[in-house]
There are 2 protein chains.
Amino acid sequence: MPQTQDVLFRALADPTRRAIFERLCRDGDQTVAALTARAGVSQPAVSKHLGVLKQAGLVRDRHAGRQTHYSAQPKALAPLIDWTSQMAGFWQSRFDDLEVLLKRMDQ
Amino acid sequence: MPQTQDVLFRALADPTRRAIFERLCRDGDQTVAALTARAGVSQPAVSKHLGVLKQAGLVRDRHAGRQTHYSAQPKALAPLIDWTSQMAGFWQSRFDDLEVLLKRMDQ
DNA sequence: CTAATCAATAACCATCGAGTTATGGATCGC
DNA sequence: GCGATCCATAACTCGATGGTTATTGATTAG
């Protein structure tokens with residue numbers, strides 16, 4: 001899913017958005033008002049950020065009366081982990097190839 | 001280093017830039033011309049992307065005559081890995097707390 | 001020496017995105 | 001019911017950014 005990776009990376013690229021996600025990971029369930037209180041931006045801005053995070057699958061929302069609770073969905077980070085280890089893996093394997101090559105040249 | 005994370009996430013947020021980095025991870029050392037041939041954008045655009053990746057520490061450049069070779073520096077991904085596992089960790093620990101709490105309530 | 005190639009920079013343009021204020025639609029407290 | 005509160009959406013602004021073409025400096029080839 002290259003599309004998924006794109007959405008993920010883009011969602012996490014913004015510092016305000018990343019801070020909101022971090023907060024949800026640390027402290028769990030939060031209402032929009034609670035998040036807004038610490039976000040340093042207006043409530044509509046927070047709502048928009050939450051929308052982006054939700055599209056990326058990073059958060060879930062739960063409606064309770066007139067307030068909406070959001071919670072982190074860290075499983076959504078999986079593609080990011082996969083991508084990262086894949087990049088490291090490619091590098092590693094090329095390094096191994098180099099090792100083999102050097103060893104062969106050594107004989 | 002929250003600054004570092006920011007630079008990293010932003011550098012990897014752009015698909016063209018991520019593709020360049022992926023290519024360098026897969027295939028190793030590449031000249032700007034070689035990267036441009038596959039990038040789907042102009043040479044100056046590629047140079048700019050390489051500049052951003054370099055600022056993030058994700059690539060290194062090596063000058064050889066009139067051409068510049070770039071190579072991936074996957075160690076620079078470390079802060080990204082740290083951040084990710086930290087987020088997963090926070091979530092996990094809260095989950096553990098919940099487990100404990102539930103067990104206590106169970107008695 | 002001259003022409004050609006490579007990559008970086010300059011200058012510019014268009015789009016995107018993060019922020020704002022204003023507003024509306026639900027829901028709760030009284 | 002009525003005013004207040006919570007959150008989402010609309011409409012807009014503005015700076016950042018990704019793209020382009022043009023150019024220049026450096027190096028190589030002939």
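Below, chain A is the first sequence line, B the second, and so on; all start at residue 1.
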*asked:* Nearest to the side chain of B/S42, heavy atoms from C-beta on, is which of D/dC7, D/dT20, C/dT21?
replied: D/dT20
_If you only use heavy atoms from C-beta on, which nucleotide in D/dG18, C/dT20, C/dT9 is closest to the side chain of A/P44?_
C/dT20
Short side-chain N/O contact to [N] OP1/OP2 from [X], under 4.0 Å:
| X | N | answer |
| --- | --- | --- |
| B/Y70 | C/dA8 | yes |
| B/H49 | D/dG19 | yes |
| B/T16 | D/dG19 | yes |
| B/T68 | C/dA7 | no |

*Nearest-nucleotide comparison on DNA chain C, the residue closer to the 5′ end among A/V41 and A/G65*: A/V41
*Map A/V52 and A/R66 onto DNA chain C by nearest heavy atom, then report which one ends up closer to the 5' terminus.*
A/V52
*Can you tell me which stems DNA chain D forms when a stem means 3 or more consecutive Watson-Crick or G-U pairs under 3.5 Å?*
C:1-30 with D:1-30
Rounding to an integer number of Å, can you tell me how far [X] [atom1] sits from [N] [atom2]?
| X | N | atom1 | atom2 | value |
| --- | --- | --- | --- | --- |
| B/L35 | C/dA7 | CG | P | 9 Å |
| A/D6 | D/dG18 | CG | P | 12 Å |
| A/L50 | C/dG19 | CG | P | 12 Å |
| A/L53 | C/dG17 | CG | C1' | 14 Å |
| A/D61 | D/dT9 | CG | P | 10 Å |
| B/D14 | C/dG17 | CG | C1' | 14 Å |
| B/Q67 | C/dA4 | CD | C1' | 14 Å |
| A/H63 | D/dA8 | NE2 | P | 7 Å |

Would you classify [X] as touching base, sugar-phosphate or nothing, given that sugar-phosphate means primed atoms plus P, OP1 and OP2, and contacts are heavy atoms under 4.0 Å?
| X | answer |
| --- | --- |
| A/A45 | base |
| A/T36 | nothing |
| A/Q43 | base |

*Any idea how B/W83 and B/F9 line up, ring-wise: parallel (<30°), tilted (30 to 60°), or perpendicular (>60°)?*
perpendicular
*asked:* With side chain to side chain donor-acceptor pair (under 3.5 Å) as the test, pick out the partner of B/R62 among B/T68, B/T31, B/D29.
replied: B/D29
*Exam field: side chain B/R17 to backbone B/A11, donor-acceptor pair closer than 3.5 Å*: yes
*asked:* Give me the atom names and distance for the closest heavy-atom approach of A/S42 to A/T36.
replied: C-CG2, 4.1 Å
*Could you pull out the closest heavy-atom pair between B/I20 and B/H49, with the gap in Å?*
CD1-CB, 3.9 Å
*Considering residues, nucleotides and ligands other than B/R60, do more than 12 of their heavy atoms fall under 6.0 Å from its CZ?*
no
*Is a donor-acceptor pair below 3.5 Å formed from side chain A/K48 to base C/dG19, judging by atom type as modelled?*
yes
*Any chance you could measure A/L58, atom CG, to B/M87, atom CE, to the nearest 0.5 Å?*
11.5 Å
*Heavy-atom side-chain proximity of B/H69 to B/Q30 below 4.5 angstrom*: no
